[in-house]
Amino acid sequence: MGIEAGWAIAPPPLVDGFGRAITYLRVSVTDRCDFRCVYCMAENMTFLPKQDLLSLEELDRLCSAFVAQGVRKIRLTGGEPLVRRGIMTLFGSLSRHLAAGTLDELTLTTNGSQLPKYARELFGYGVRRINVSLDTLDPDKFRAITRWGDVGQVLDGITAALDAGLRVKINAVALKGVNEDEIADLVAWAHGRGMDLSLIEVMPLGDIGDDRLAQYLPLSIARARLNERFTLEDIDYRTGGPARYVHVKETGGRLGFITPMTHNFCESCNRVRITCTGTLYMCLGQDDAADLRAALRASESDGPLLAAIDEAIGRKPRGHDFVIDRRHRRPALARHMSVTGG
Ligand code: SAM
């Protein structure tokens, strides 16, 4: 048996210049979204022309090249991944890597609006856990945050996902003066339905036509307030991501804190991100990137693509350097979260 045959089960991982194995790929399949969250996008966004996007076949080829290089987890994101036309075809084709044992997890991050339509199909393609973004349960606040969204549609989506057998984690961005008084209720609500919840600090990504400082709520403050209602016990639970978790004694559930602004999580980073045009970002918070679309289209063989991936991973930076303070009212990066894939 040749070495390659052995690698078909467990290829050697991609390792960056700091010795970190890259096993997690996040892929933005579209920059478009059916919501316009105030911290994420400007109201009048200009989206990419459709012809600039990688086709679903190209996205499959790209993801499969990373699987061949040792990536064990793929998350499709966006924009809103479930508004990309034909997206179930991609879940279907990528599910072959789950069946082959070369991929441990295929998942997505979604705003939930399309889950009533797709939850069962996702489960059928081997998706088992999903992240749903939801910042408030209040219909008026929800509309104000998303500009266009209907919270009832998202709640129906969450119910459909749970009914389909998917485990759901809720992600909520903590927003000063918007949902800060509701965070404890969100915890009780999510945990009451068997869902974990993670709180996220606003990151300075992209011009949103608004002031970041006005939105930014340090999670240290949110946590101190939660302590007044709940007993938070630090636990070791890790998902390989940036969240630090606590066990909430009163609810029995898990609560995560994702604190890019107050806590640096880069030393254990195992992930890279691809945009819907095939640009590889080695760090969410840095501009350095590699054009994998050119490598992908350069040849029908995957040789140039694999070489481009290897070369780019070697350049993965040590970490990011976000700052929001009174002197840094501009975005740290020009690109929006919806471009890099949140
Ligand atoms: N549409 C999908 C969704 O809503 O989950 C996937 C993409 S969305 C960009 C992914 C996550 O990024 C969402 O939880 C969203 O709230 C979060 N997000 C977007 N912009 C952000 C920012 N500037 N800071 C922190 N989180 C942000």
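Order of listing sets the numbers, starting from 1, for every ligand and every atom in it. Atom set for the values below is all heavy atoms of this structure, side chains included, hydrogens, waters and symmetry mates excluded.
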Open item on the list: Assess whether a salt bridge exists between E250 and R229, defined as any Lys/Arg side-chain N lying under 4.0 Å from an Asp/Glu carboxylate O.
Closed with: no

- [ ] Indicate, as side chain, backbone, both or neither, the part of N111 found under 4.0 angstrom from ligand 1 when only non-hydrogen atoms are considered.
- [x] both

Open item on the list: Looking at every heavy atom in both T251 and F230, which two are closest together, and how far apart are they?
Closed with: CG2-CE2, 4.0 Å

Open item on the list: Geometry only, no angles: is S133 polar-contacting ligand 1 at N/O separations under 3.5 Å?
Closed with: yes

- [ ] Please could you name the atoms of ligand 1 that C40 approaches to less than 4.0 Å, counting only its heavy atoms?
- [x] 9 (C), 19 (C), 20 (N)

Open item on the list: Between ligand 1 and Y39, is the shortest N or O to N or O distance under 3.5 Å?
Closed with: yes

- [ ] Quick one: look at N131 and ligand 1, take heavy-atom pairs under 4.0 Å, and tell me if it's side chain, backbone, both or neither.
- [x] neither

Open item on the list: If you compare all heavy atoms of A184 against all heavy atoms of L226, which two are closest, and at what distance to 0.1 Å?
Closed with: CA-CD2, 3.6 Å

Open item on the list: Considering both backbone and side-chain atoms of V173, is one of its nitrogen or oxygen atoms within less than 3.5 Å of a nitrogen or oxygen in ligand 1?
Closed with: no

Open item on the list: I'd like to check whether E80 has a polar contact with ligand 1, where a contact means an N/O of the residue lying under 3.5 Å from an N/O of the ligand.
Closed with: yes

Open item on the list: So is G79 touching ligand 1 or not, going by heavy atoms under 4.0 Å?
Closed with: yes

Task: Close-contact set for ligand 1 against V202 heavy atoms, below 4.0 Å - done: 24 (N), 25 (C)

Open item on the list: Using a 4.0 Å cut-off to any heavy atom of T77, which atoms of ligand 1 qualify?
Closed with: 6 (C), 7 (C)

Open item on the list: For a quick check under 3.5 Å, do R75 and T109 share a side-chain donor-acceptor pair by atom type?
Closed with: yes

- [ ] Answer yes or no: is there a donor N or O on one side and an acceptor on the other, between the side chain of R315 and the main chain of A290, under 3.5 Å?
- [x] no

- [ ] Pull out every atom of ligand 1 sitting under 4.0 Å from any heavy atom of M203, numbered as shown with elements.
- [x] 22 (C), 23 (N), 24 (N), 25 (C)

Task: Nearest candidate to atom 25 (C) of ligand 1, where distance is taken over non-hydrogen atoms, out of R75, Q114, R32, E201 - done: E201

Open item on the list: Under a 3.5 Å threshold, yes or no: a donor from one side chain and an acceptor from the other, between R96 and S64?
Closed with: yes

Open item on the list: So, 4.0 Å and heavy atoms of G78: is ligand 1 close enough to count as a contact?
Closed with: yes

Open item on the list: Which heavy atom of Q286 sits nearest to which heavy atom of P317, and what is that distance?
Closed with: CG-CG, 3.8 Å

Task: Test: R128 cationic atom under 6.0 Å from F123 six-membered ring centre, within 45° of axis - done: yes

Open item on the list: Taking I258 as the starting point, is it possible to reach I145 by hopping between hydrophobic residues whose side chains are less than 4.5 Å apart?
Closed with: yes

Task: M41 heavy atom under 4.0 Å from ligand 1 - done: no

